[in-house]
**Q** 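Questions regarding the structure given below will be posed in turn.
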Amino acid sequence: MSHIAIIVEFDTTPGKFADFEKIITTHAKRCRELEPGCLRFEVQYPIDDSGKVIDNKIVVNELYSDTSAVEFHRNTDRMAKLQEDVKGLVENRHMILAKVSPDTQK
């Protein structure tokens with residue numbers, strides 16, 4: 001069975017990066033702790049070619065054991081709260097949902 005990845009790039013509202021970062025890192029930690037199907041939830045900071053962190057951008061990279069784990073994740077009370085908490089903190093987001101190649105899984 002293939003794992004499912006969720007990758008989301010967020011453009012934060014200028015001046016709201018720290019607020020969003022605190023919320024999303026707490027959310028990531030809780031997902032890893034409370035969701036058995038959550039295999040990975042990383043908060044990442046995109047960099048440019050010189051290695052400088054790009055302002056107002058955060059990427060989350062999540063890995064779930066299967067589609068039922070993704071559905072469980074999407075339907076938690078934490079997701080509804082997250083949507084409410086980040087209002088006004090994010091200008092744009094781009095999400096990719098992907099099936100992970102079985103040849104690259106452990």
Side-chain angles (χ1 to χ4, degrees):
M1 180 176 287
S2 294
H3 293 164
I4 304 295
I6 299 175
I7 302 152
V8 187
E9 179 182 25
F10 295 96
D11 295 317
T12 62
T13 302
K16 300 295 184 180
F17 181 88
D19 295 334
F20 179 75
E21 179 185 35
K22 181 177 180 180
I23 291 167
I24 201 69
T25 55
T26 298
H27 176 70
K29 183 177 189 255
R30 288 186 181 141
C31 291
R32 289 190 312 266
E33 292 172 349
L34 300 174
E35 297 178 30
C38 181
L39 306 176
R40 178 182 69 230
F41 197 130
E42 298 174 335
V43 176
Q44 303 172 342
Y45 305 90
I47 57 175
D48 64 19
D49 289 340
S50 69
K52 181 180 178 269
V53 173
I54 300 169
D55 291 339
N56 299 319
K57 284 204 181 287
I58 285 183
V59 172
V60 296
N61 187 333
E62 309 168 46
L63 183 66
Y64 294 89
S65 57
D66 54 29
T67 55
S68 63
V70 171
E71 286 305 310
F72 179 86
H73 170 70
R74 287 179 169 168
N75 292 310
T76 64
D77 292 340
R78 286 185 320 283
M79 285 302 293
K81 182 172 178 356
L82 177 68
Q83 297 303 319
E84 191 63 32
D85 289 348
V86 301
K87 282 185 180 172
L89 304 180
V90 175
E91 289 189 343
N92 188 35
R93 77 177 189 119
H94 176 73
M95 183 182 90
I96 298 171
L97 184 65
K99 188 181 280 190
V100 179
S101 168
D103 294 336
T104 61
Q105 297 177 32
K106 286 185 178 180

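The figures here come from the full heavy-atom set of this structure, side chains too, leaving out hydrogens, waters and symmetry mates.
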**Q** Nearest 0.5 angstrom please: Glu62 CD to Met95 CE, how far?
**A**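 Spacing of CD (Glu62) from CE (Met95) equals 9.0 Å.
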**Q** Tell me, yes or no, whether the heavy-atom count around Asn75 atom CG, taken from other residues, nucleotides or ligands under 6.0 Å, exceeds 12.
**A**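 Yes, the 6.0 Å shell around CG holds more than 12 heavy atoms from other groups.
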**Q** Mind checking the NZ-CG spacing from Lys29 to Leu34? Nearest 0.5 Å is all I need.
**A**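 Nearest 0.5 Å value for the NZ-CG distance: 9.5 Å.
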**Q** Side chains of Tyr64 and Ile6: closer than 4.5 Å at any heavy-atom pair?
**A**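 Yes, side chains in contact.
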**Q** If the threshold is 4.0 Å, N to carboxylate O, is there a salt bridge linking Asp48 and Lys52?
**A**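 Salt bridge absent between Asp48 and Lys52.
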**Q** What distance separates Lys99 NZ from Thr67 OG1, expressed to the nearest 0.5 Å?
**A**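 The NZ atom of Lys99 sits 8.5 Å away from the OG1 atom of Thr67.
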**Q** Shared ILVMFWY cluster between Ile54 and Leu89, side chains joined below 4.5 angstrom?
**A**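 No, because Ile54 and Leu89 fall into different hydrophobic clusters, even though each may have its own neighbours under 4.5 Å.
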**Q** Report the distance from atom CD1 of Ile58 to atom OG1 of Thr25, rounding to the nearest 0.5 Å.
**A**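 Going from CD1 on Ile58 over to OG1 on Thr25, the span is 8.0 Å.
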**Q** Between the side chains of Asp11 and Lys57, is the shortest nitrogen-to-carboxylate-oxygen separation below 4.0 Å, so that they form an ion pair?
**A**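 Between Asp11 and Lys57 there is a salt bridge, with a charged N closer than 4.0 Å to a carboxylate O.
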**Q** Report whether Val43 and Phe20 are members of the same hydrophobic cluster (ILVMFWY, side-chain heavy atoms less than 4.5 Å apart, transitive linking).
**A**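 They do share one cluster, since a chain of ILVMFWY contacts under 4.5 Å joins Val43 to Phe20.
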**Q** Hydrophobic cluster membership, with links at side-chain heavy-atom distances under 4.5 Å among I/L/V/M/F/W/Y: are Val90 and Ile96 in one?
**A**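 Different hydrophobic clusters.
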**Q** What closest approach, in Å, do Thr26 and Lys22 show between heavy atoms, and which atom pair accounts for it?
**A**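 For Thr26 versus Lys22, the nearest heavy atoms are OG1-O, 2.9 Å.
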**Q** Closest heavy-atom contact between Thr13 and Gly88?
**A**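 Closest heavy-atom pair between Thr13 and Gly88: OG1-O, 3.1 Å.
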**Q** Could you check if a side-chain atom of Val60 sits within less than 4.5 angstrom of a side-chain atom of Phe10, using non-hydrogen atoms only?
**A**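 Side chain of Val60 against side chain of Phe10, heavy atoms only: contact under 4.5 Å found.
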**Q** Would you compute the distance between atom CE of Met79 and atom CZ of Arg74 and round it to the nearest 0.5 angstrom?
**A**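 Met79 atom CE to Arg74 atom CZ measures 8.0 Å (nearest 0.5 Å).
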**Q** If hydrophobic clusters are built from ILVMFWY residues whose side chains come within less than 4.5 Å, do Phe41 and Ile23 share one?
**A**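 Yes, same cluster.
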**Q** Taking all non-hydrogen atoms of both residues, which atom of Asp66 and which atom of Ile4 are closest, and how far apart?
**A**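 That closest heavy-atom pairing would be C-CG1, 3.9 Å.
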**Q** How far does CD of Gln83 sit from CZ of Arg78, to the nearest 0.5 angstrom?
**A**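 Result: 13.0 Å between the selected atoms.
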**Q** Group every Ile, Leu, Val, Met, Phe, Trp and Tyr by side-chain heavy-atom contacts under 4.5 Å, then state whether Val8 and Phe72 land in the same group.
**A**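 No, because Val8 and Phe72 fall into different hydrophobic clusters, even though each may have its own neighbours under 4.5 Å.
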**Q** In the structure I gave you, are the side-chain heavy atoms of Cys38 and His73 within less than 4.5 Å of one another anywhere?
**A**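 A side-chain contact is absent here, since even the closest heavy-atom pair is not under 4.5 Å.
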